[in-house]
Amino acid sequence: MTAYSIPALLLPAFSGRPVILRAADPSELRGVLEVGSPERVAFAQLTDLNADLTPLEGWAEGLALDLVMTDPVAEHPLLYRHARMLACLPMRVSVPWVPGLARATKLAVSLGFGVRLTGHQPVPEAVAEAQQALDTFLHNPTVDQPVEPFHGMLIALVHERPVRLWSLMERDPAEIRVLDERGMELPDQGPACTSAFRDGLVAAGAECRGCEWLAWCEGYFKWPDTDFACSGIRRLLGDLRAAATELRGGLDTLHEQPEIPSHER
């Protein structure tokens, strides 16, 4: 069922539909949920990291909260003030795929937040920082929270099952539709149909033709500029695949170990 990402004040108009609530003020979230139907809320997004989460303390336990960054360089220190709420609220940080993401991701996971990278078509500097974030996720033994889309893709690669980047990045309009304050769909959220967009790219002779990641990506990084060069992205995904291959080999070796009889343990 399609979920609707809506400003929190629109909740009463979406009876019976799964929703994602957006608000800059935690008090606004509390106000609408006290009179609304919280069981329909997939999660809530806080769009102002300067906001005080105190209104949710001791009240919204279990409500999943997504802290939405717009400028990771300026905003990543604000995560310290919100970390204390991790004891009662499952929280993640949505970090835009722009320069500054590596430091923001490293701090977020060190504090115990999950992370989701957001956006399309990163500049080369941001791709390089995404590589640093991937290295942190893969090799820092203290990291115990997912960093998407790396986490979802790693699991899929280990088990040799395809997964769709549009879904992992929560940008498929067939799954999530983003509405404004008037209840109108925001423009330029993505192609109306991701599979049709993928097929159009292949038919037009884009570099997607023959790309080993096409079934996973479906042209995600070709939106909105179909001339975007994906070489840096492919290197990043190749490193992720290498890590998955190594992990799968380790798991296979572990499963091949002979079982020790109980009397010898």
Side-chain angles (χ1 to χ4, degrees), residues 5 20 22 43 45-47 49 66-79 91-111 113-138 140 143 145-154 156-157 163-173 175-176 178 186-191 194 197-198 201 206-208 211 213-214 216-241 243:
S5 173
I20 299 163
R22 305 192 308 270
F43 60 91
Q45 291 185 311
L46 183 68
T47 59
L49 266 65
D66 182 19
L67 306 179
V68 181
M69 277 189 178
T70 56
D71 182 351
V73 173
E75 294 176 323
H76 76 270
L78 298 174
L79 296 179
M91 289 194 287
R92 76 173 181 193
V93 184
S94 285
V95 180
W97 204 313
V98 297
L101 76 86
R103 188 173 182 182
T105 298
K106 185 175 182 179
L107 176 61
V109 295
S110 71
L111 292 173
F113 294 97
V115 170
R116 176 180 67 118
L117 300 183
T118 64
H120 296 263
Q121 302 187 326
V123 298
E125 182 183 354
V127 176
E129 290 203 28
Q131 180 68 65
Q132 296 176 43
L134 175 61
D135 290 343
T136 296
F137 170 68
L138 291 175
N140 188 329
V143 173
Q145 293 295 322
V147 177
E148 296 292 4
F150 305 143
H151 177 78
M153 290 196 70
L154 181 66
L157 286 164
V163 70
R164 300 175 60 251
L165 259 176
W166 288 99
S167 294
L168 283 178
M169 302 291 277
E170 299 174 18
R171 293 299 299 269
D172 187 342
E175 299 172 357
I176 298 176
V178 184
L186 290 176
D188 300 325
Q189 292 300 299
T194 58
F197 179 65
R198 172 202 64 204
L201 290 168
E207 64 176 325
C208 301
C211 177
W213 298 102
L214 180 62
W216 303 63
C217 176
E218 291 190 329
Y220 180 87
F221 290 101
K222 290 295 186 182
W223 178 269
D225 179 8
T226 57
D227 291 327
F228 177 81
C230 293
S231 55
I233 298 296
R234 289 198 300 271
R235 285 194 297 271
L236 183 69
L237 297 179
D239 288 346
L240 189 57
R241 168 168 281 169

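Remember, predicted model here, so these are calculated numbers, not experimental data.
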| field | For V68, all residues meeting side-chain contact (heavy atoms from CB on, under 4.5 Å), sequence neighbours excluded | value |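 Expected list: Q45, D66.
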Side-chain heavy atoms of [X] within contact of [Y], under 4.5 Å:
{"X": "W216", "Y": "L168", "value": "no"}
{"X": "E148", "Y": "M169", "value": "no"}
{"X": "P149", "Y": "L117", "value": "yes"}

Exercise: identify the closest heavy-atom pair between [X] and [Y]:
{"X": "A130", "Y": "F150", "value": "O-CZ, 3.7 Å"}
{"X": "E129", "Y": "P99", "value": "OE2-CA, 3.6 Å"}
{"X": "P173", "Y": "P191", "value": "CG-O, 3.0 Å"}
{"X": "S94", "Y": "T118", "value": "CB-CG2, 3.8 Å"}

In Å and rounded to the nearest 0.5 Å, what is the [atom1] to [atom2] distance from [X] to [Y]?
{"X": "L201", "Y": "C217", "atom1": "CG", "atom2": "SG", "value": "9.0 Å"}
{"X": "Q121", "Y": "W97", "atom1": "CD", "atom2": "CH2", "value": "11.5 Å"}
{"X": "F43", "Y": "S5", "atom1": "CZ", "atom2": "OG", "value": "7.0 Å"}
{"X": "L237", "Y": "L165", "atom1": "CG", "atom2": "CG", "value": "7.0 Å"}
{"X": "Q145", "Y": "M91", "atom1": "CD", "atom2": "CE", "value": "10.5 Å"}

| task | Determine, step by step, whether V127 and R235 satisfy the side chain to side chain contact (heavy atoms under 4.5 Å, CB included) criterion, reporting the C-alpha distance in whole Å, the side-chain angles of both residues, the deciding distance to 0.1 Å, and the verdict. | result | CA-CA 10 Å; V127 176; R235 285 194 297 271; 5.9 Å; no
Residues that [X] engages under side-chain hydrogen bond (donor to acceptor under 3.5 Å, both in side chains), provided they are two or more places apart:
{"X": "Q131", "value": "D135, D239"}
{"X": "E125", "value": "none"}
{"X": "E170", "value": "R92"}

| field | Stepwise side chain to side chain contact (heavy atoms under 4.5 Å, CB included) test for L79 and L49 | value | CA-CA 8 Å; L79 296 179; L49 266 65; 4.2 Å; yes
Please list, one pair per line, the donor and acceptor atoms closer than 3.5 Å that link side chains of residues 100-108 to other protein atoms, with sequence neighbours excluded.
residue, atom, partner, partner atom, Å
R103, NE, H76, NE2, 3.4
T105, OG1, L101, O, 2.8

| request: Quick one: do T226 and F197 satisfy side chain to side chain contact (heavy atoms under 4.5 Å, CB included)? Show the steps, please. | output: CA-CA 10 Å; T226 57; F197 179 65; 4.3 Å; yes
Anything under 3.5 Å between a donor and an acceptor, one on a side chain of residues 218-225, the other on a protein residue two or more places apart or in another chain? List them.
residue, atom, partner, partner atom, Å
E218, OE1, R164, NE, 3.1
E218, OE1, R164, NH2, 3.0
E218, OE1, T194, OG1, 3.3
E218, OE2, R198, NH1, 3.0
Y220, OH, G119, O, 2.9
K222, NZ, E207, OE2, 2.7
K222, NZ, F228, O, 2.4
D225, OD1, D227, N, 3.0

| field | Side-chain (E75) to main-chain (T70) donor-acceptor, under 3.5 angstrom | value |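 Confirmed, E75 side chain pairs with T70 backbone.
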| request: Decide side chain to side chain contact (heavy atoms under 4.5 Å, CB included) for L154 and F137; before the verdict, give the C-alpha distance in whole Å, the side-chain angles of both, and the deciding distance to 0.1 Å. | output: CA-CA 11 Å; L154 181 66; F137 170 68; 4.0 Å; yes
| query | In a check of side chain to side chain contact (heavy atoms under 4.5 Å, CB included) between V143 and each of V115, T136, L138, which one passes? | reply |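 Testing V143 for a side chain to side chain contact (heavy atoms under 4.5 Å, CB included) against V115, T136, L138 leaves exactly one candidate, T136.
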